Amino acid sequence: MQYWLMKSEPNEFSIDDLLTKKRSLWDGIRNYQVRNMLRDQVRVGDQAFFYHSNTGKETGIVGLMEIVREAYPDPTQFDATSNYFDPKSNPSMTRWFAVDVKFIKKFNRPVLLSELRNEKKLSRMALLKKGNRLSVTKLSKNEFLFILRLAENKLYRV
DNA sequence: GCCAACGTTGGC
DNA sequence: GCCAACGTTGGC
């Protein structure tokens, strides 16, 4: 099993949206590095943290989900009415991929970015590397478990 | 809203 | 292949 962190702007798609839908495609990835990771590494059964980016206030990890379908052509690339429409995409030579995710839980509190930065054990996390802008990054099992404990212990360094 | 960092495009 | 110009991401 592998562990991922996936970013979404909550005004686009939030943990509450996923809670309501229970299951959703994860679309709109338009970065080749992320695409390759999605296509070549992300597998059914992998766990992924849901991260709220660009929030203005509570930026951080807000919940947990599971991959339930591996990479398939992202339908939004062919949809001229979508923000994610890509005129250079061609159905016979897919450029962009999506996966499906399933809601597992919303944490009682967000694990804030500032809090993650304070943890020495997380200093190697791809998310925290300077200049990182990838919307999907990989976590080690230790990082994953450590963050889960942070999330589930309300009194821990809030 | 600002801006640093990174990615993409396209002229040459 | 170089690199300037432009676009995007995302924290603050």
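Quick caveat, the model's predicted, so the values are computed rather than measured. In the text below, chain A, chain B and the rest are named by the order of the sequence lines, each starting its count at 1.
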Are Leu139(A) and Ile61(A) linked, directly or through intermediate hydrophobic residues, by side-chain heavy-atom contacts shorter than 4.5 Å (ILVMFWY only)? yes
Base contacts versus sugar-phosphate-only contacts with protein, heavy atoms under 4.0 Å: please encode nucleotides 4-9 of chain C as B, S and - from 5' to 3'. ---BBB
Tyr72(A)-Asp100(A) side chain donor-acceptor pair, cut-off 3.5 Å: yes
Can you pull the salt bridge (Lys or Arg N to Asp or Glu O under 4.0 Å) pairs that have at least one residue in residues 34-61 of chain A, sequence neighbours excluded? Arg43(A)-Glu70(A)
Quickly work out the Leu128(A) CG to dG10(C) P distance and round it to whole Å. 14 Å
Residues in contact with DNA chain C, drawn from residues 91-101 of chain A - heavy-atom cutoff 4.0 Å: none
Just the rounded figure in Å: distance from C1' of dG11(C) to CD1 of Ile61(A). 15 Å
Between Val136(A) and Met37(A), what is the shortest heavy-atom contact and its length? O-CE, 2.8 Å
Paired with Gln2(A), the side chain to side chain donor-acceptor pair (under 3.5 Å) test is passed by just one of Gln47(A), Lys141(A), Lys138(A), namely Lys138(A)
Shortest non-hydrogen contact between Met65(A) and Leu18(A), atoms and distance: SD-CD2, 3.7 Å
Is Lys88(A) touching bases, backbone alone, or none of the nucleic acid, heavy atoms closer than 4.0 Å? sugar-phosphate
Have Ser92(A) and Asn90(A) got a donor and an acceptor in their side chains that come within less than 3.5 Å? yes
Taking the six-membered ring for Trp and the single ring otherwise, decide whether the centroids of Trp4(A) and Tyr51(A) are under 6.0 Å apart. no
